[in-house]
Participant: 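Sharing a structure with you now.
Just so you know, these numbers come straight off a predicted model, no measurement behind them. Just so you know, residue 1 is the first one in the sequence shown, and it goes up from there. As the structure lists them, so they are numbered: ligands from 1, and atoms in each ligand from 1.
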Amino acid sequence: MNFIKYKVPKKQPYRTWYHFQSPQNWMNDPNAPMYYKGVYHFFYQHNPHAATFGDKMVWAHSVSYDLINWIHLNHAIEPSEPYDINSCWSGSATILPGKEQPLILYTGIDNNKHQVQNLAMPKNPSDPFLREWVKHPQNPVMTPPSGVEVNNFRDPSTASQGKDGKWRVVIGAQNGDEGKVVLYLSEDFVNWTQDPNPFYATDNTGVCECPDFFPVYFNGSTNGVDTSLHDPSVRQVFKISYLCRHEDYYFLGKYVCDEGNFIPDVKFTGTSLDLRLDYGKFYASKSFFDHAKNRRILWRWVNECDTTQDDIEKGWAGLQCIPRQVWLDESGKRLMHWPIEEVEKLRDKQISIMGEKLVGGTILEVSGITASQADVEVLFELPELENAEWLDESEVDPHLLCSEEYASRSGIIGPFGLLALASEDQAEHTAIFFRIYRAPNRYVCFMCSDQSKSSLRQDLDKTTYGTIFDIDPNLKTISLRSLIDRSIIESFGEKGRICITARVYPSLAIDKDAHLYVFNNGSKSVVISELNAWSMKQAEFVQEESINKL
Ligand code: DQQ
């Protein structure tokens, strides 16, 4: 097999070094991630003709042995038949037990612009790269049911099998103001019937896109669970991407599989109390169970925050976060996220700082690494929490709080954190920070990613992101990890309890001119208990020679 190596062109300061991107043009949702015959597969929504969304979307396909270095293959699924001639939209893979055969359900936009669900199978299941896919002769296998708009019926999930042997998938939909998720059942994966009971409905959220439905262990274990396991050791996660908000929310709850009945612990409120997978730029996530390493892995699309014209000039748009392992925390109330361990293979030169006290107003440079591509982990030792300021969180919107130049304002315990992708004079920087408050009967932490000074350029969306979460009143330390990669910063607070992803486009803080700082603007000192930062090597992206040259 011959491969062509892809190199980041010199004049592409925003092209990432180790985050997955399409070789060129537009990319959006992750589709059908899976592990099959020793190989990880990743498909994605792609417009092969432009750096903008298109009207003939295809499924692009890449494979990897470690989820970090990738081989791009030919497109797996393209519009070709009346039932998908106007685009092949998102879907999922299910590996049937016994036969060990992967099947894909995807949404086709048909010749009437209706959305239908189609089935595709590998032409040669013994090819570990699954290069070629064939469409089932009985397609479409599902058409819009009554009570669902014909142009809003899409994104079938991975199927789970009940004790009755039947397969179940959930599909996103809409009817008028009502966003919906509908449940379908099948004995043979080809003939599907809709469950007559309403599965999920919500008002004013738009289409419930890309529903994901999977179990997690309820005992603090970080192990993943196969999608079809339903027993008392697991709780169910139901994730929805709400079109009107362009944000991913999830619910934890009970699932009685054979009754098709999911009961969320808490309903959607439309407020900052709702649980989100990531509080930044993040959409259309999809998970899979990696049985090679017994873990559940989450992928998701991170769109650009520059202009369409910029995307056209760059020749590409969209990237994917580093895949994250997800599990339920010990309290059973939140998902935890952590970048897959394989990303650590890219760690290169390391800098450490131990036991450094940061008095109020300190800014300390973390020098000696490539600050434009870095992995930084820092553990802050906190002062006594009883010193914290008062906050009535019911009266604040965390995003707004974050946009009021909070990093540079002084508080008591915080703001403290990192200034990433910063210019030497800090005129440009993205501040990722914590600030701790006293709230009625408890302490809370505000975590923020502030992009307002991320670039001197004016034509960018510099929305800031923030969230408030409860902390243990005896908390002594708090951790922050940021994966920095030229135009993306993925941050993980409190060991992965809170994630915020941001896109930034510095005009000064590029390549060797990018700097990394740690700061404290709180009047109480915090101590860098331990900081480790690594330069990150470039991941390897190659393309099979048989297809379009780069
Ligand atoms: N993107 C796909 C749809 C999905 C949306 C089209 C979510 O299937 O609903 O590219 O980003």
Participant: In Å and rounded to the nearest 0.5 Å, what is the CZ to CG distance from R300 to D248?
Facilitator: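 Going from CZ on R300 over to CG on D248, the span is 10.0 Å.
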Participant: With a cut-off of under 6.0 Å to the ring centre and 45° to the axis, is R481 in cation-pi contact with W338?
Facilitator: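 Judged by the rule (NZ or CZ under 6.0 Å from the ring centre, within 45° of its axis), R481 counts as positioned above W338.
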Participant: Hey, do the aromatic rings of F238 and Y200 have their centres closer than 6.0 Å?
Facilitator: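 For F238 and Y200, the ring centres are under 6.0 Å apart.
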Participant: Below 4.0 angstrom from a heavy atom of W89, which ligand 1 atoms are there? Numbered from 1 as shown, please.
Facilitator: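 Answer, ordered by atom number: 3 (C), 6 (C), 8 (O).
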Participant: Atom 5 (C) of ligand 1: which protein heavy atom is closest, and how many Å away?
Facilitator: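 Closest protein heavy atom to atom 5 (C) of ligand 1: D29 OD2, 3.2 Å.
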Participant: Taking all heavy atoms of P125 and all of K37, pick out the closest pair and write down the distance.
Facilitator: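 Reported closest heavy-atom pair: O-CE, 3.1 Å.
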Participant: Does the ring center of W70 lie less than 6.0 Å from the ring center of F20?
Facilitator: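 Ring-ring flag for W70/F20: true, centres closer than 6.0 Å.
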Participant: Which ligand 1 atoms does S90 reach within 4.0 Å, using its non-hydrogen atoms?
Facilitator: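 Taking each heavy atom of S90 in turn, ligand 1 has 2 (C), 8 (O) under 4.0 Å.
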Participant: Using a heavy-atom cut-off of under 4.0 Å, does the side chain or the backbone of N28 touch ligand 1, or both, or neither?
Facilitator: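 Side chain only; the backbone of N28 stays clear of ligand 1.
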Participant: Would you say the side-chain atoms of Q12 and W316 include a donor-acceptor pair closer than 3.5 Å?
Facilitator: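 Result is yes, a qualifying pair exists.
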Participant: I'd like to check which ligand 1 atoms, numbered from 1 as shown, lie under 4.0 Å from a non-hydrogen atom of Y283.
Facilitator: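 So the answer, numbered in order with elements, is 7 (C), 11 (O).
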Participant: Looking only at protein heavy atoms, which one is nearest to atom 10 (O) of ligand 1, and what is the separation?
Facilitator: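 Minimum-distance protein heavy atom for atom 10 (O) of ligand 1 reads Q45 OE1, 2.7 Å.
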Participant: List the closest protein heavy-atom neighbour of atom 8 (O) of ligand 1: residue, atom name, distance to the nearest 0.1 Å.
Facilitator: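 Result: D155 OD1, 2.5 Å.
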